[in-house]
**Student:** 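Okay, here's the structure, questions in a sec.
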Amino acid sequence: MNKKSQTKSNTGDEPDNISRRNFLQGSLKALTALAAIELGAAGLLFLRARSLDGEYGGIMTVGKVEDFTPGSVVEYEDGNFFLVRVEDGGFMAVYRRCPHLGCTVQWVAKKQKFFCPCHAASFDPYGEFENQPVARALDTFKVFFEDDMVKVDTSQMRTREHHSAQDISYQS
Amino acid sequence: MQNTKLTWIQKILVKDKKERKNIVTVANNLVMHLHPARVPAAALDFKYTWGLGGISTVLVVLLGLTGLLLMFRYDARVDYAYLSIQALETQIQFGSLIRAVHHWSANLLVITTALHLLRVFFTGSYKQGRSTNWIIGLVLFFLALISNFTGYLLPWDQLAYWAITVSTNLMSYIPVIGFEMRNFFLGGPQVGQNALSNFYALHVVFVPFLLIIILSYHFWKVRKNGGISQPIQKENQRVSYVQTLPNLVRVEYAAALVVIVVIVLWSMIKPAPLGPIANPFNSPNPAKAAWYFLGLQELLLHMQPLAVLGLVAVLGGVLVLTPFFDKEEEDIGLYFRSPVGKRAAMWGALLGLNLTPIIVLLDEYWIDLLAWMPGVPASISTGWVPFLTTLMVMAVIYAVFRSTRVYQTKKANHSEAVLGVFAFIVVALLVLTAIGIFFRGPNMAFVLPF
């Protein structure tokens, strides 16, 4: 397009009319924006998809029911949980990861508490939280029984706000 | 190469032949082109800038060079990362030294850029059209932290693993997008190979690339804004100029040499730390973040993560917005604005120095928000309550500065009051950091460092 026709088309009598040049320029901008969005979305999807699968294992058999004395806490490093047998004989599998910021909690037998070394969160043997950094109890795994054996389903983690009696499993 | 000729006006202004030659040299030299041919004599006053921008630049160059060398020897796979660092430390000639220079330069960069930020804030150097460069500078500071943070994971030792676990989990508390965001950066729900690959790519390509581009813009903008900030001249005063070559360049060379010598000597005495290999099943006790995040970690002991994030966001937002609400220009280039500002800053700092340890101790031994507010959700009692209280304290400090006679008969204006609150925040953060570094032992309980 030479200069003359350009000025003519830009200063047309009807201002509503979009000149061919303006239209092409506008379309180019819109297409560039679209391409940028597409590239961004493709990049996000490219990076995201890798690991959406779970971090947990399957069902673990941990031992005979009688092997655990009431009031005991046993750590299972492979399963990432503590098996707690509460005083009245019920079982809980308490996930070792602190619900605060993900550190591994430790069982301190002397104080009968779980302690997180990262931000001093502490939990009672039921996993209930006791001080300010955290806002929820330790997560648990489902415990069930087969032929007098204690089994823990580590494929699914159960989150909870507070401890409740329903979180404890009993051998019927 | 193109050759600049002096214009006739420069020829009239500059009589000295040697000076003319120097001006041509500056104009024809790429590196020298960062500077104008002549700078105000007052801008060379070391006690004004402390050379912090320049020192940071030297550190960035050092980091680039040593980082490149380290890349040749580092293996970003979880099974080999730690081994490759061990090899650097024990087998490879100069491996330990190069890693130490990289490590200490990175740590020092956090300090020098933070001090640079403080210098610019305390001299009001974000005024007179410098608001854009102030924000660019904040972005650069953030990038320096991100580089440190992403580099922290690479040695794959216990320190690295748990520091990154904790800080990325912190991210998951951001409302709505936090959880997705953390999983995106880690490439999964936990720190593993995907996280290492991500952090490696971010650390060696993405962040440095951004840094170089934005840093160039930062430099260019300093010149575009008419050089570094200076106090406004009285009417009959004339600014005296000196030649960049040799006056400014000489100072820069000297500062760069001192920085390099200090870093290398220090690195020879103290190699970069390397803990035991990462063990996802066992957090060390105590598990501490990198030292520059320990102030935040200390805050995390007292309130919920979202409250801490909220405070950081508020502080960041206020820093970004500062130049748009503090527009009084007559105090630019003066440390602490005025005698009033000086006094406000002093009071703010003293308050931060005293109030912070008192509150930390009270919270440790007496305050128990959860027990005091039974039935109230923890997100309120240990989230909103401490968050709003902290903001309230700052608002009260501001209001007091505005309404009382801070210095002689004068009350603080907005700029001076903000300065006082800022001094309070800075000192409070420093105190929190010191508590986190020196006074926290196993189970994050209080210990004495001596």
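No experiment lies behind these values; they were computed from the predicted model shown. Just so you know, these numbers use all the heavy atoms, side chains as well, and skip hydrogens, waters and symmetry mates.
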**Student:** Quick one: CG on B/L300 to CG on A/L101, what's the gap to the nearest 0.5 Å?
**Tutor:**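 Nearest 0.5 Å value for the CG-CG distance: 6.0 Å.
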**Student:** Can you measure from NE2 (A/H119) to NZ (B/K288) and round to the nearest 0.5 angstrom?
**Tutor:**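 If I round to the nearest 0.5 Å, the distance is 11.0 Å.
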**Student:** Are the side chains of A/F115 and B/N285 in contact, using a 4.5 Å heavy-atom criterion?
**Tutor:**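 They are not in side-chain contact.
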**Student:** Is the number of heavy atoms from other residues, nucleotides or ligands within 6.0 Å of CG (A/D88) greater than 12?
**Tutor:**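 Enclosed.
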**Student:** Is the shortest heavy-atom distance from the side chain of A/P117 to the side chain of B/P286 under 4.5 Å?
**Tutor:**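 A side-chain contact is absent here, since even the closest heavy-atom pair is not under 4.5 Å.
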**Student:** Looking at B/F206, I'd like to know if its CZ atom is crowded, meaning that more than 12 non-hydrogen atoms belonging to other residues, nucleotides or ligands lie closer than 6.0 Å.
**Tutor:**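 For B/F206, atom CZ is not crowded (no more than 12 foreign heavy atoms under 6.0 Å).
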**Student:** Does atom CH2 of B/W384 have more than 12 heavy-atom neighbours, drawn from other residues, nucleotides or ligands, at distances under 6.0 Å?
**Tutor:**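 Open.
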**Student:** Would one find more than 12 heavy atoms of other residues, nucleotides or ligands at under 6.0 Å from atom CD of A/E66?
**Tutor:**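 More than 12 heavy atoms, drawn from other residues, nucleotides or ligands, come within 6.0 Å of this atom.
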**Student:** Using non-hydrogen atoms only, which part of B/Y161 is less than 4.5 Å away from chain A: side chain, backbone, both, or neither?
**Tutor:**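 Neither part.
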**Student:** Given heavy-atom pairs under 4.5 angstrom as the criterion, report whether the side chain, backbone, both or neither of B/P284 touches chain A.
**Tutor:**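 The answer is the backbone of B/P284.
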**Student:** Is the side chain of B/Q304 donor-acceptor paired with the backbone N or O of A/H100 at a distance under 3.5 Å, no angle test?
**Tutor:**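 Not a single qualifying donor-acceptor pair exists.
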**Student:** Under a 4.5 Å cut-off applied to non-hydrogen side-chain atoms, are B/V166 and A/C103 in contact?
**Tutor:**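 Yes, close enough: below the 4.5 Å cut-off.
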**Student:** side-chain contact (heavy atoms from CB on, under 4.5 Å), that's the test. Do A/R97 and B/N169 meet it? Break it down for me.
**Tutor:** CA-CA 11 Å; A/R97 227 169 140 198; B/N169 272 311; 3.6 Å; yes
**Student:** When you measure from the side chain of B/Q190 to the backbone N and O of A/G102, does any donor-acceptor pair fall under 3.5 Å?
**Tutor:**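 The answer is no, because no donor-acceptor pair under 3.5 Å joins these two groups.
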**Student:** Is it true that atom CH2 of B/W366 has more than 12 heavy atoms of other residues, nucleotides or ligands lying nearer than 6.0 Å?
**Tutor:**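 No, the 6.0 Å shell around CH2 holds no more than 12 heavy atoms from other groups.
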**Student:** Please classify the contact of B/P280 with chain A as side chain, backbone, both or neither, using a heavy-atom distance under 4.5 Å.
**Tutor:**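 Just the backbone, heavy atoms under 4.5 Å.
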**Student:** Quick check: are there more than 12 heavy atoms from other residues, nucleotides or ligands sitting under 6.0 Å from CZ of B/F179?
**Tutor:**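 No, not enclosed.
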**Student:** More than 12 heavy atoms of other residues, nucleotides or ligands under 6.0 Å from CZ of B/F142: is that the case?
**Tutor:**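 Check fails, neighbour count at 12 or below.
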**Student:** For the OG1 atom of A/T104 and the CZ atom of B/F281, what is their distance to the nearest 0.5 Å?
**Tutor:**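 Here the rounded value is 8.5 Å.
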**Student:** Got more than 12 heavy atoms from elsewhere within 6.0 Å of OH, B/Y80?
**Tutor:**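 Not buried by this count: 12 neighbours or fewer within 6.0 Å.
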**Student:** Which answer fits A/Q106, side chain, backbone, both or neither, if we ask what part of it has an atom under 4.5 Å from a heavy atom of chain B?
**Tutor:**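 It is the side chain, since no backbone atom gets that close.
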